[in-house]
Amino acid sequence: MALIDLADLRLLLAAGIIVLVGWVAWSIMADIMIQRKYRFPNLVPGLPLIGNALQIPKIDQGPYLQKLGRQYGEMFTLKFGSTYWVVANSRRVAYELLEKRASIYSSRMSLPMAHHIVSGEKRMVLMPYGESWRLQRKLMHQVLNISQQRIFKPFQDLESRALMYELLEQPQNWYLSLGRFSSSVILNVTFGRRTSHGDPRFLAIFKAQEEFVPYTMPGASIVDSFPFLARIPVLKKFQPWRWKGDAIYERTITAFKQFLDDLERRVKEGKQKDCFMTQLLASKEAKFTRDETAFIAVTLLEAGSDTTRNSLLEVVAGTALYPDWVPRARAELDEVCGKNAERLPTFDDIERLPMIRAAVKEAVRWRPTNTQTGVPHALTADDEFEGYRFPKGTVVTWNQWAIANDPNEYDQPERFYPDRFLDEELDKPQKGHLGFGAGRRMCVGYNVAASNLFIAISRLIYCFDIEQDQAHPIVVDKPFPLTAVVEPYKVKFKPRSDAHRRLIIRECQEAAVIDSKA
Ligand code: HEM
C-alpha cells in the first residue's frame, strides 16, 4: 500500500514549488535592496542567485584570485549566494580596512560547514568576534607571547638539531623532516612530547587539517554560500553536506581526545612533563568543556605546525632557485660561528645575523600556500570606504597570493630575495607583508613562528648546500600541495664541507634520538 497517495504528492510538490519560488523572489528582492543601499567595488559577474560560487576552483584559489585582481583592480567583490566578499588587492587597502578599522573588521564570516559542522564551533581561528574568541585568544596569547620564548627556545634548539641530523642521514625524507620539526616544537609546548616520522597520532591531525582547510576557501560548500540551508530543520540525513562534515568532526575530536586521555594517564603515572595542557587542565580559572579543551589543543597544533612547515618549504625552494642570497648570509654566519664549522648558530646570535632575520620574513612573504586567499575577516557594522558602502556581515579578505606576487608591491616579487626586508622594520617579523594577517585577528603565534624559522634557517644555511634537481625543475607558479606526506618538489641537501658534516654529527646526533613515548 502506498504511504502517500497521488493527490497528497501533488500537494506536497506544489507546496515545495511555492516555497522555492517564494525563496527565489525574496532572494532577488533582498539582493536588489542591498545593491541599492550599499555600493561594492567592481562586482565580478556571476550567475543569478549563486553569484560566483561555481567559478572558484577547488584548488589553487590563490592564482585564480590573482587573475581576477589583474582584471578588476585594487578592490573587487565576489558574491557567494547571499554573502558579499570584498577582496583587497593591495597592502594599502588591506591595512586601511583590517588594521586601521580593526574594531569593526575583526569577526569571521558565518561558515556553517567549516565552523559549525566540521569544527563544532570550537576552532578559535573561525570564531566570530565575541566573548568565546576573546577568552581563547587571551589564553593563546599567554602561551605564545614574546616573553614565553624562553619556554620555546630549548625545544626549538633540540628539534632543529634533530632536523640537521635527519637531513644528513636521510636526505630523501627532507620534506617529512621539515614537517616533523615544525610539529614537534609545538607538540612539545602543548603536550610535552616529541614526535617522530610517521607518528600515527600526527598523521591523524594532518588528515583532519587537510580535510578542514579546503572548507575555509571561498565558495567551498553550498551551505556556506546559502547559510539559511543549515537552519532548515530537516533531519541530518537529508543534508548531504553533513554526511562528510560530521564524519570529519568525529575524526578530529577522536584524534584529539586520544591526546588528552594519554596526557591524563601519564600525569597519573608521574611520567608527564609540565606543559601548556597540564597547566590548562589544572587551572581553576579556565572553564572549558572537554571538547573545547581538545579543540584549543587542535588549534595550537594545527595553526602552529603546517604553517611553519610550508614556510620552510618556501625557503628551501627559494634558496634552490635563487641561491644568490646564500653567500651574503654565510658571510655573517661564518663571522659568528667560524668558517670551519666551529659551532652551530644559536638564538644568542640573532642580533649579528640580519640576513637570516630578513630570510624569515621573506619565507613568510614568498609564494604563500596555507593562506593563499587570505583568512577572511567579517564586518560587524556598516562601513564606508573611499566612496563604497559595505553592510554589516560583508566578508573582507586580502588577496594574499596576488599581493605577494605583485611587482607594484615588491620589486621582482618572483625572486626569493631576503635583502628586501633589510630595513628599519627588520626586527618586526609581522611587518612588510601580510603573511601573518592584519588587525586584531593577526596570527597570535607570529613570534613563535619567527623564532622557529630563525633557528631552522640559520642552521640550514650554515650547514647545507641546497640544490635544485635539474632533472625535476621546481614549479612555483602555483602553491605547493597542502598535504604533508607528499614530496612537493625534488631538491638535494649536501653538507657544505666535511667539517660541517662532522659538526652535525657532533652536535646534532643525540637530539635525533627520539623516543616519542617518553
Ligand atoms: C610561518 C608560520 C605562520 C603563518 C604564516 C601564520 C599565519 C596566520 C594567519 C594568516 C592567520 C590569520 C590572520 C588574520 O585573520 O588576519 C593566523 C592566525 C592564527 N595563528 Fe598563525 N601563522 C603561523 C604560525 C603560527 C604558530 C606557530 C601558531 C601557534 C603556535 C599560530 C597560531 C595562530 C592562531 C591561534 C591563529 C588564530 C587567531 C585568531 O583568529 O584570532 N600561528 N596565522
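Each ligand, and each atom within it, is numbered from 1 in the order the structure gives.
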Who are the residue neighbours of ligand 1 when the rule is a heavy atom under 4.0 Å from any of its atoms?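 Near ligand 1, by chain and number: Arg108, Met124, Val125, Trp133, Arg137, Met140, Leu144, Ile186, Thr299, Ala303, Gly304, Thr307, Thr308, Ser311, Thr371, Val375, His377, Trp398, Gly435, Phe436, Gly437, Ala438, Arg441, Met442, Cys443, Val444, Gly445, Ala449.
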Using modelled atom types only, decide if a donor and an acceptor are shared between the side chain of Asn399 and the backbone of Leu65 within a distance under 3.5 Å.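 At least one qualifying donor-acceptor pair exists.
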Expected output: side-chain Arg328 to main-chain Asp324 donor-acceptor under 3.5 Å: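 Checked: pair present.
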Tyr417 six-ring centre to Arg415 NZ/CZ under 6.0 Å and within 45° of normal: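 Judged by the rule, Arg415 and Tyr417 form a cation-pi pair.
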Answer yes or no for Arg134 and Tyr129: cation-pi contact, defined as NZ/CZ to six-membered ring centre under 6.0 Å and angle to ring axis within 45°.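 The answer is yes; both the distance and angle limits are met.
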Checking salt bridge (Lys or Arg N to Asp or Glu O under 4.0 Å) for the pair Asp157/Arg161: CA distance, chi angles, key distance, verdict? CA-CA 6 Å; Asp157 174 60; Arg161 284 173 198 262; 3.2 Å; yes
Could you give me the CA-CA distance, side-chain angles and deciding distance for Arg290 and Glu264, then say whether salt bridge (Lys or Arg N to Asp or Glu O under 4.0 Å) is met? CA-CA 12 Å; Arg290 194 160 181 78; Glu264 284 172 337; 2.9 Å; yes
